[in-house]
Amino acid sequence: MDEDATLTILRYANQLKRTARTGWVQRGVPEAEDVAAHSYGVGFATLLLAELVPAPVDLGRALALAVLHDLPEALTTDIPSPAWRLLPVGLKTDVERSAIETILDGVPFAGRWLAWHDELALDESAEARLVHDADKIDLFVQALIYQEQSGNRHLQEFWDVAPAFHYAEAQAIYEALLAQRGEMATSEQGRGAP
């Protein structure tokens, strides 16, 4: 592989360090995390969940899926879920597939990375299901931390609909986050917070 293609992929990945997570920005979170920070959180949650779930998981493949899961956003930016829900069904999958094809254009390992991308989109393997659970866990950990740091009440909608998890271990982590959030709200009420 030539160095130009290598540098191009690295530059796309680096773009994620400058791409804000739009959902947080829309809800008034100051200094909201970027997509790269979220990708790290998903990678770490994947590593943790792989230790907890009873299903056999290929950790290397799971971590590859986690690292690549938001790479298309180097081109598409971070389009929040409410916006995708207003667009035609399947458009998100098509747009992200096109973006990753563009990013990987001309590299000899494109087939393997595209296969990982497709595996994640299909959500049928143990590794893909683990990464999807990790993605949700990272979102809720971040929402709780932002609420703790700032008392931001515009984050309630993240908690209004309980997510569906593939693994009971991820569900247990989510329920523990809910419990901490409840304790935080009770503590704030005790201090007379509005």
Side-chain angles (χ1 to χ4, degrees), residues 13 16 19 21-24 33-85 87-101 103-104 109-145 155 157-181:
L16 299 178
T19 304
R21 296 265 289 162
T22 310
W24 302 131
E33 73 174 339
D34 55 45
V35 175
H38 167 66
S39 292
Y40 169 79
V42 173
F44 191 83
T46 297
L47 182 64
L48 176 66
L49 285 173
E51 296 291 339
L52 301 176
V53 301
V57 173
D58 178 332
L59 182 58
R61 197 163 94 229
L63 289 172
L65 297 177
V67 168
L68 293 175
H69 90 282
D70 277 338
L71 184 59
E73 292 182 14
L75 288 176
T76 67
T77 72
D78 179 48
I79 301 171
S81 295
W84 285 116
R85 286 187 213 118
L87 297 170
V89 174
L91 183 65
K92 180 178 191 284
T93 302
D94 294 344
V95 166
E96 289 182 346
R97 180 61 149 89
S98 179
I100 201 154
E101 286 174 350
I103 291 168
L104 299 175
F109 51 82
R112 182 172 56 237
W113 285 28
L114 288 169
W116 285 335
H117 176 269
D118 294 345
E119 177 181 347
L120 190 60
L122 290 171
D123 195 27
E124 294 174 346
S125 69
E127 292 77 12
R129 291 189 295 271
L130 189 80
V131 171
H132 282 125
D133 281 4
D135 193 14
K136 293 172 194 162
I137 291 297
D138 183 66
L139 171 80
F140 288 108
V141 167
Q142 193 64 63
L144 182 63
I145 288 171
L155 304 178
E157 71 187 86
F158 288 98
W159 303 95
D160 285 344
V161 177
F165 289 99
H166 296 288
Y167 293 102
E169 294 75 11
Q171 179 69 41
I173 293 169
Y174 171 74
E175 289 170 8
L177 289 166
L178 280 176
Q180 283 189 1
R181 185 171 181 269

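Between the CG atom in Asp135 and the CG atom in Leu65 there is a gap of 12.0 Å [rounded to 0.5 Å]. Atoms CZ and CG, on Arg181 and Leu155 in that order, are 8.5 Å from each other to the nearest 0.5 Å. Here CZ of Phe165 is found 11.5 Å from CG of Leu130. Values are rounded to the nearest 0.5 Å. Between the CD1 atom in Ile137 and the CG atom in Leu177 there is a gap of 6.0 Å [rounded to 0.5 Å]. Between Glu119 atom CD and Leu114 atom CG the span is 12.5 Å, to the nearest 0.5 Å.
Take Asp123 and apply the salt bridge (Lys or Arg N to Asp or Glu O under 4.0 Å) test, not counting sequence neighbours, and it matches no residue. The salt bridge (Lys or Arg N to Asp or Glu O under 4.0 Å) test applied to Glu169 returns no partner, not counting sequence neighbours. Residues meeting the side-chain contact (heavy atoms from CB on, under 4.5 Å) test with Ala176, sequence neighbours left out: none.
Trp113 places a side-chain heavy atom less than 4.5 Å from the side chain of Leu68. Asp34 has its side chain out of reach of Thr19: every pair of non-hydrogen atoms, C-beta onward, lies at least 4.5 Å apart. The shortest distance between side-chain heavy atoms of Glu96 and His117 falls below 4.5 Å. In this structure the side chain of Trp84 never reaches within 4.5 angstrom of the side chain of Val89, judged on heavy atoms.
For an aromatic pair to be called close, the ring centres must be under 6.0 Å apart, and Phe158 with Trp24 satisfies this.
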List the atom pairs, donor and acceptor, that lie under 3.5 Å between side-chain atoms in residues 43-59 and the rest of the protein, sequence neighbours left out.
unit_1: Thr46; atom_1: OG1; unit_2: Val42; atom_2: O; d: 2.8
unit_1: Asp58; atom_1: OD1; unit_2: Gly60; atom_2: N; d: 3.1
unit_1: Asp58; atom_1: OD1; unit_2: Arg61; atom_2: N; d: 3.0

Just list the side-chain donor-acceptor pairs under 3.5 Å for residues 70-78, sequence neighbours left out, or say none.
unit_1: Thr76; atom_1: OG1; unit_2: Pro72; atom_2: O; d: 3.4
unit_1: Asp78; atom_1: OD2; unit_2: Thr22; atom_2: N; d: 2.7

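The aromatic rings of Tyr174 and Phe140 sit perpendicular, their planes meeting at an angle over 60°, well past the 30° parallel limit.
For the side-chain hydrogen bond (donor to acceptor under 3.5 Å, both in side chains) condition, the pairs that include at least one residue of residues 136-145, sequence neighbours left out, are His38-Asp138.
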